[in-house]
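Please read the structure below before turning to the comments.
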Amino acid sequence: MSYEFSAEVWLHQGDAAWHFLTVPEDVSDDIEERTSHLQRGFGSVRVRVRIGATTWATSVFPDTKRGAYILPVKKEVRRAEGIDDGTVTAVRLELVDV
């Protein structure tokens with residue numbers, strides 16, 4: 001199962017400077033429905049992601065504050081694709097275990 005959407009990259013305000021994007025609510029709801037029996041630690045779900053020409057494997061994590069999954073966007077991806085805090089980017093997200 002795969003999804004395509006656009007989302008804004010944001011910087012987590014905390015001890016570590018991680019960048020994330022929020023998976024849209026409708027996509028998050030569908031992921032939850034399809035993977036509730038497959039979730040791993042912290043409710044994470046394994047995914048493959050493509051932004052621009054860059055593809056990588058990671059996990060999305062539920063964020064109760066946002067009511068959606070969040071996707072970490074690592075530095076190598078941000079650098080390769082010219083992404084920074086506030087950049088709206090097109091994302092292709094594929095569920096690995098479904």
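Contact detail for Ser44 and Ser59: the closest heavy-atom pair is CB-CB, 4.0 Å. Taking all atoms of both residues into account, the shortest heavy-atom contact from Ser28 to Tyr69 is OG-N, 2.9 Å. Nearest heavy atoms, Thr54 versus Val77: CG2-CG2, 3.8 Å.
In this structure, the separation between CD1 on Ile51 and OG on Ser6 is 10.0 Å, given to the nearest 0.5 Å. Rounded to the nearest 0.5 Å, atoms NE2 (His19) and CG (Asp84) are 5.5 Å apart. Separating the CZ atom in Phe5 from the CG atom in Leu93 is a distance of 5.0 Å, to the nearest 0.5 Å.
Counting only heavy atoms from C-beta outward, the side chains of Val27 and Asp30 never approach each other to under 4.5 Å. Residues Val91 and Tyr3 form no side-chain contact, since every pair of their non-hydrogen atoms from C-beta on lies 4.5 Å or further apart. Proximity of Glu81 to Thr89: side-chain heavy atoms (C-beta onward) are nowhere separated by under 4.5 Å.
Listed by first and then second residue, the salt bridge (Lys or Arg N to Asp or Glu O under 4.0 Å) pairs that reach into residues 53-77 are Asp63-Arg66, sequence neighbours excluded. Screening residues 86-98 for salt bridge (Lys or Arg N to Asp or Glu O under 4.0 Å) gives Glu4-Arg92, Arg46-Asp97, Arg48-Glu94 as the qualifying pairs, with residues at least two apart or on separate chains.
When each of Val47, Thr35, Val45 is paired with Val98, the side-chain contact (heavy atoms from CB on, under 4.5 Å) condition holds for Thr35 and for no other.
One hydrophobic cluster, built from ILVMFWY side chains closer than 4.5 Å, holds both Ile31 and Met1. Leu11 is not connected to Leu71 by any chain of hydrophobic side-chain contacts under 4.5 Å among Ile, Leu, Val, Met, Phe, Trp and Tyr, and they are in different clusters.
Counting heavy-atom neighbours within 6.0 Å of Trp10 CH2, excluding the residue itself, gives a total above 12.
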